[in-house]
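One structure is given below, encoded as structure tokens.
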Amino acid sequence: MNRKFLKKWSPRLAIVLVAMIIVYAALVSNPTNAFSQKVCTSWQMVKNKSFILSHRQLSENIIDTAYAENVTEQQAKQVPILMYHYLVPKSLNKEPGNKSVMNAEDFEEGMDYLHQEGYYTPTLQELEQYINGEITLPKKSVVITFDDGYENNLIYAYPILKKYNFKAAVFVIGSKTQEKNEPFDPARKSFLTKAQMEESKDVFEFHSHTYNLHYKGFEKCGSTYAAGLDSKLLKQDMKQMKEFGIDTPYFAYPYGNKSTQMMYYLREEGYRMAFSVRQGFVKPGDNPMKLNRLTVTTGTDLSVLLHPLDESLE
């Protein structure tokens, strides 16, 4: 860091440091559970602020910025990113209340609706360019994503997407990927193989959902979050994922759990967009490291889910 930067930020860092000491002292002197949780949350906020101030790249590149884009009536003011997980025929769906499990018939109905309505499915590269204000997208654009890399995505979604000339992104868990193709059993949970991923690249693009951090293992303020919030584990995991063969600039947070530090280290390793599970649309100027998505599951009516977008464009 140069002298100009130190001169600008040193007083602020000093204030943050004092705040950290005060919060920590309060935490130690008042050990009650309720109070401790509140203090712990405040402590985390102070640490995040300190981290931002002490990491210049984070301050410059990850903070949200306002962006004004003049668009015509035929161009998208905002874009929905649909999020799918596990597909299974209705007759075999043993978890109808599980939002991560969707009847394959409902998926096909949704894709048929998008096709009839004339929706365009941008790639993630196009989405990135759109968010950066480099390109516009058609008014009816929708990004399709799948998390985890289940084999049933290939069996049920791939042929439908291919029929309609739709594109989709799959965020795979590297360590879950199977070594060789085996007979598909719709009643058994199975994951894609590298060969299947290669064969389906005409429809799917594949990105990181971590190599082996898709589990709850990070303790913070009395709650357990995704293991990826542990910076040491994350750094090693990113290396493993690239060695595995998934070396792209796009990432999906396991369980949607993210932190200031996590976003920073992802950016350090070349990731330019990251996807959460927070519900909402995306638009030019959004922070590319915490993009909203829309959960789609059994019973979801896409004509209703996408209605806020259609209404805002009228």
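Along the sequence shown, the residues carry numbers beginning at 1.
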* Asked: Does the pair Ser208 and Tyr271 meet the rule for a side chain to side chain contact (heavy atoms under 4.5 Å, CB included), with working shown?
  -> CA-CA 10 Å; Ser208 177; Tyr271 289 96; 4.0 Å; yes
* Please answer whether the main-chain N or O of Gly299 pairs with a side-chain N or O of Asp106 as donor and acceptor at a distance below 3.5 Å. => yes
* Side-chain touch Leu233/Phe218, heavy atoms, less than 4.5 angstrom -> no
* Separation of Lys235 NZ from Asp230 CG (nearest 0.5 Å) -> 10.0 Å
* Side chains of His214 and Lys176 in contact at under 4.5 Å (non-hydrogen atoms) -> no
* Examine Phe107 together with Tyr156 and report whether their ring centres are nearer than 6.0 Å. => no
* Can you name the closest pair of heavy atoms from Ser190 and Glu151 and give their distance? -> OG-OE1, 2.7 Å
* Please examine the side chains of Val142 and Thr121, heavy atoms only from C-beta on, and report whether any two atoms are closer than 4.5 Å. => yes
* **Donor-acceptor pair, side chain of Glu126 and main chain of Thr123, under 3.5 angstrom** => yes
* To do: Would you sort out whether Glu108 and Asp112 count as a side chain to side chain contact (heavy atoms under 4.5 Å, CB included), showing the intermediate values?
  => CA-CA 6 Å; Glu108 182 170 11; Asp112 183 63; 5.5 Å; no
* Find the distance between CD1 (Ile144) and CG (Leu124) and round it off to the nearest 0.5 Å. => 11.0 Å
* Asked: When hydrophobic residues are tied together by side-chain contacts of less than 4.5 Å, even through go-betweens, does Leu87 share a cluster with Leu92?
  -> no
* Asked: Is the backbone N or O of Ala169 less than 3.5 Å from a side-chain atom of Thr145, with the two atoms forming a donor-acceptor pair by type?
  -> no
* **Val101: partners by side-chain contact (heavy atoms from CB on, under 4.5 Å), with sequence neighbours left out** => Tyr86, Val88, Asn93, Glu95, Asn98
* Asked: Would the Phe191 and Tyr150 ring centres measure less than 6.0 Å apart?
  -> yes
* Asked: Under the criterion side-chain contact (heavy atoms from CB on, under 4.5 Å), which of Asn292, Leu294, Val79 is the partner of Phe281?
  -> Leu294
* To do: Please check if the side chain of Tyr264 supplies one atom and the backbone of Ser259 the other of a donor-acceptor pair under 3.5 Å.
  => no
* Just say parallel, tilted or perpendicular for the rings of Phe204 and Phe146, cut-offs at 30° and 60°. => perpendicular
* To do: Evaluate the side-chain proximity of Phe275 to Val143: yes if any heavy-atom separation is below 4.5 Å, no if none is.
  => no
* To do: Establish whether Leu291 and Met83 are linked, either directly or via other cluster members, by ILVMFWY side-chain heavy-atom contacts under 4.5 Å.
  => no
* Asked: Would you say the side-chain atoms of Tyr158 and Gln196 include a donor-acceptor pair closer than 3.5 Å?
  -> no
* Lys239 atom NZ, neighbour heavy-atom count above 12 within 6.0 Å -> no
* Asked: What pairs meet the salt bridge (Lys or Arg N to Asp or Glu O under 4.0 Å) rule with one or both residues in residues 154-169, with sequence neighbours excluded?
  -> Lys162-Asp202
* **Leu306 and Leu114, any side-chain heavy atoms less than 4.5 Å apart** => yes
* To do: Kindly indicate whether the side chain of Phe206, heavy atoms from C-beta on, has any atom under 4.5 Å from the side chain of Ser200.
  => yes
* To do: Decide yes or no on salt bridge (Lys or Arg N to Asp or Glu O under 4.0 Å) for Asp147 and Arg293, but give the supporting numbers first.
  => CA-CA 12 Å; Asp147 281 6; Arg293 288 191 286 178; 2.9 Å; yes
* Asked: Cationic tip of Lys194 within the cone over Phe244's six-membered ring, i.e. under 6.0 Å and within 45° of the normal?
  -> yes
* To do: Examine the side chains of Thr193 and Asn181 and answer whether a donor and an acceptor come within less than 3.5 Å of each other.
  => yes
* To do: Taking the side chain as every heavy atom from C-beta outward, state whether Gln261 and Leu229 have any atom pair closer than 4.5 Å.
  => no
* Asked: Heavy atoms, side chains only, cut-off 4.5 Å: are His209 and Val172 in contact?
  -> no
* **Partners meeting salt bridge (charged side-chain N to carboxylate O under 4.0 Å, His left out) with Lys283 (sequence neighbours left out)** => Asp286
* **Neighbour count above 12 (heavy atom, 6.0 Å) for Gln125 CD** => no
* Please test Leu127 against Ile81 for side chain to side chain contact (heavy atoms under 4.5 Å, CB included), starting from the C-alpha separation and ending with a verdict. => CA-CA 10 Å; Leu127 178 67; Ile81 304 174; 3.7 Å; yes
* Out of curiosity, does Met238 fall in the hydrophobic cluster containing Ile173 (side-chain heavy atoms, cut-off under 4.5 Å, transitive links)? -> no
* If the plane angle is over 60° it's perpendicular, under 30° parallel, otherwise tilted; pick one for Phe251 and Tyr253. => perpendicular
* Does the Asn257 side chain pair with the main chain of Ala226, one donor and one acceptor, at a distance under 3.5 Å? -> yes
* Give a yes or no on this: more than 12 heavy atoms of other residues, nucleotides or ligands lie within 6.0 Å of atom CD of Glu109. => no
* Steps toward side chain to side chain contact (heavy atoms under 4.5 Å, CB included) verdict (Tyr255, Val277) -> CA-CA 7 Å; Tyr255 308 105; Val277 299; over 6 Å; no
* To do: To the nearest 0.5 angstrom, please state how far the NE2 atom of His85 sits from the CG atom of Asn152.
  => 11.5 Å
* Going by the angle between their ring planes, with limits at 30° and 60°, are His207 and Tyr250 parallel, tilted or perpendicular? -> perpendicular
* **Distance-only donor-acceptor check, side chains Tyr211 and Glu243, under 3.5 Å** => no
* What do you reckon, is NZ of Lys242 surrounded by more than 12 foreign heavy atoms closer than 6.0 Å? -> yes
* **Tyr84 reachable from Tyr119 in the ILVMFWY side-chain graph, under 4.5 Å edges** => yes
